[in-house]
S.K.: 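Structure below; questions to follow.
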Amino acid sequence: MPEGDTIYRAAHTLDRALARRVVTRFDSVLPALTRIDEDVPIAGRTVQRVWSQGKHLLIEFSGDLVLRTHMRMNGSWHIYRPGERWQRSRHQARLVIETDAFVAVAFNVPVAEFYTARELVREPALRNLGPDLLSDPFDEDAALARLRARGPVEVGDALLDQRALAGIGNVYKSEVCFVCRTNPFTPVDRLSDDDLRTLVRTARRLLQANVAPGTDAGIVTYHPLRRTTGRADPEERLWVYGRVRRPCRRCRTPVERRKQGMNARSTYWCPVCQPEAK
Ligand SMILES: [Zn+2]
């Protein structure tokens with residue numbers, strides 16, 4: 001599942017490749033998009049900019065048209081030079097935006113919709129988003145209040161709620177809790193404002209560390225070498241995520257895993273470094 005840092009990087013890469021260029025070809029297998037394209041063709045428009053909001057990727061075209069995509073579990077955007085061989089099969093392509101210099105292909109993207117600027121601000125999926133951890137400026141007090149509003153929800157689950165904070169996915173959820181020595185099953189209302197502020201700041205710092213410029217090689221994939229430990233060794237990139245029964249990097253206690261929340265997402269934690277709240 002792509003997280004906020006991945007979408008941010010994808011948007012940045014697409015922006016560099018496409019912005020201020022004229023679309024020479026637009027192609028999609030999604031009926032909702034082709035209907036609009038037949039009505040008001042996309043080819044001939046200029047890509048104005050590409051940006052992200054939480055895990056939503058937005059592409060603005062001239063003539064008041066914005067394309068919103070959301071990757072969910074398996075979607076990805078790739079960038080190719082014209083004529084370059086694609087790294088996924090064509091039948092997985094959902095939409096293609098081509099300019100004279102680049103071809104942007106969205107594979108297996110489950111959510112793709114066109115909006116006018118006015119429609120976009122009314123889109124509930126965007127309007128209800130909490131503060132984006134990768135936005136600058138970032139409203140920390142608003143983030144805190146929205147987390148606080150989750151009340152009895154376990155903090156691991158609250159961190160995943162995009163209405164509280166936009167950008168955290170399942171990897172960061174476990175990593176942020178570990179770095180802050182917070183037990184992920186603690187209800188939010190058992191945590192102090194200082195605890196929550198530390199979680200928010202840590203999440204922001206970890207995400208930001210993974211969007212440093214120059215970390216993408218052109219092709220946007222959704223399994224980047226994300227790291228939270230600061231170590232480059234692929235075996236040592238993460239603190240707890242994906243490390244069930246392996247020794248905690250701080251205290252050597254075996255890392256545990258449990259399904260958490262309505263969506264039964266895996267949570268990893270160290271029972272000694274992150275004891276249950278008393
Ligand atoms: Zn530990």
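All ligand and atom numbering here is 1-based and tracks the order in the structure. Counting from 1, the numbers follow the sequence of the chain as shown.
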S.K.: Counting only heavy atoms not in Arg231 (residues, nucleotides, ligands), do more than 12 fall under 6.0 Å from its CZ?
M.R.: yes

S.K.: Working note: Glu175 + Cys177, criterion side-chain contact (heavy atoms from CB on, under 4.5 Å); need CA distance, chi angles, decisive distance, verdict.
M.R.: CA-CA 6 Å; Glu175 296 294 291; Cys177 287; over 6 Å; no

S.K.: Which word best sums up how the rings of His12 and Tyr8 line up, parallel for under 30°, tilted for 30 to 60°, or perpendicular for over 60°?
M.R.: parallel

S.K.: Return all protein N, O or S atoms below 2.8 Å from the Zn ion (ligand 1), chain by chain in residue order.
M.R.: Cys248 SG, Cys251 SG, Cys270 SG, Cys273 SG

S.K.: Thr267 and side chain to side chain donor-acceptor pair (under 3.5 Å): which single residue from Arg258, Lys173, Glu154 fits?
M.R.: Lys173

S.K.: Answer yes or no: is there a donor N or O on one side and an acceptor on the other, between the side chain of Thr229 and the main chain of Glu236, under 3.5 Å?
M.R.: yes

S.K.: Consider salt bridge (Lys or Arg N to Asp or Glu O under 4.0 Å). Of Asp132, Asp5, Asp136, which one does Arg204 pass it with?
M.R.: Asp136

